[in-house]
Amino acid sequence: MSMQQQIESKLADAIACKHLNVVNESHMHSRGSDSHFKVIVVSEEFSGKRLLQRHRQINEVLKDELANHIHALAIHTFTPDEFTEQSGQVADSPTCLGGSKLD
């Protein structure tokens, strides 16, 4: 199973997602083929939660991957209403500045 598939599977199992998109952005960086990802998660579970709480929830689900495999993870979390207001658009991921335990 690829890292992208592993991320998708773990998030789908842990969160009741209305929409889930995991994008492998590693090709935009010099850290290998499975090291940079963007996740877009839309769930009712995020209702009433602050952005930090949402991100902590994602980080907890992916704690092993973040500690051992992933160099960068851009997290975009929305309730269904917020995602509709955004017209399904999310910001581009920032440019990687390097620096990793994966060296």
Side-chain angles (χ1 to χ4, degrees):
M1 178 182 304
S2 73
M3 183 57 57
Q4 182 174 356
Q5 292 168 323
Q6 187 172 331
I7 293 167
E8 288 172 351
S9 177
K10 286 186 96 170
L11 289 173
D13 288 347
I15 299 171
C17 302
K18 297 281 186 185
H19 174 80
L20 172 61
N21 188 16
V22 178
V23 181
N24 186 337
E25 297 184 324
S26 300
H27 67 280
M28 299 171 13
H29 309 283
S30 63
R31 293 282 175 195
S33 61
D34 276 340
S35 60
H36 290 68
F37 294 90
K38 176 184 351 189
V39 296
I40 303 162
V41 184
V42 180
S43 176
E44 291 286 356
E45 290 183 30
F46 298 141
S47 295
K49 291 185 179 178
R50 294 176 182 226
L51 186 61
L52 182 59
Q53 293 170 306
R54 298 173 185 190
H55 284 212
R56 284 182 176 158
Q57 184 175 355
I58 301 295
N59 287 335
E60 181 62 27
V61 172
L62 300 176
K63 65 183 172 186
D64 179 61
E65 290 77 9
L66 288 164
N68 298 300
H69 307 288
I70 298 173
H71 171 69
L73 181 66
I75 301 172
H76 302 275
T77 55
F78 303 95
T79 65
D81 289 342
E82 291 167 345
F83 195 62
T84 299
E85 289 172 14
Q86 296 279 341
S87 300
Q89 300 296 313
V90 298
D92 291 335
S93 297
T95 302
C96 178
L97 300 175
S100 172
K101 296 182 283 187
L102 301 175
D103 289 334

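Note that this is a predicted model, so its numbers are computed, not measured.
Here the side chains of Q86 and H76 are not in contact, with every heavy-atom distance at 4.5 Å or above.
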Chi angles and distances behind the side chain to side chain contact (heavy atoms under 4.5 Å, CB included) call for D34, H69: CA-CA 8 Å; D34 276 340; H69 307 288; over 6 Å; no

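When each of K38, Q5, E8 is checked for a side chain to side chain contact (heavy atoms under 4.5 Å, CB included) with V22, only E8 meets the rule. The one candidate from M3, E25, H71, E65 that meets the side chain to side chain contact (heavy atoms under 4.5 Å, CB included) condition with F37 is M3.
V61 and A14 get closest at one heavy-atom pair: CG2-CB, 3.6 Å. Nearest heavy-atom pair, N24 versus H36, reported as atom, atom and distance to 0.1 Å: OD1-O, 3.4 Å. The two residues S43 and C17 come nearest to each other via the heavy atoms CB-CA, 4.4 Å. Of all heavy-atom pairs spanning K18 and P80, the tightest one is CG-CG, 3.8 Å. Among all heavy-atom pairs drawn from T77 and E82, the shortest one is O-OE1, 4.2 Å.
Here L73 contributes atom CG and N59 contributes atom CG; the two are 7.0 Å apart, rounded to the nearest 0.5 Å. Note that CG of L11 is 11.0 Å distant from CG of N21, once rounded to the nearest 0.5 Å. To the nearest 0.5 Å, atoms CG (L62) and CD (E60) are separated by 9.5 Å. Going from atom NE2 of H55 over to atom CD of Q57 covers 11.0 Å, rounded to the nearest 0.5 Å.
Within the 3.5 Å criterion, the main-chain N or O of S26 finds no donor-acceptor partner in the side chain of S35. Checking side-chain atoms of E45 against main-chain N and O of I15 turns up no donor-acceptor pair under 3.5 Å.
Here F83 is tied into one hydrophobic group with I40, V42, F78, V90, each link being a pair of ILVMFWY side chains closer than 4.5 Å.
Using modelled atom types, one finds no donor on one side chain facing an acceptor on the other under 3.5 Å when comparing T79 with D81.
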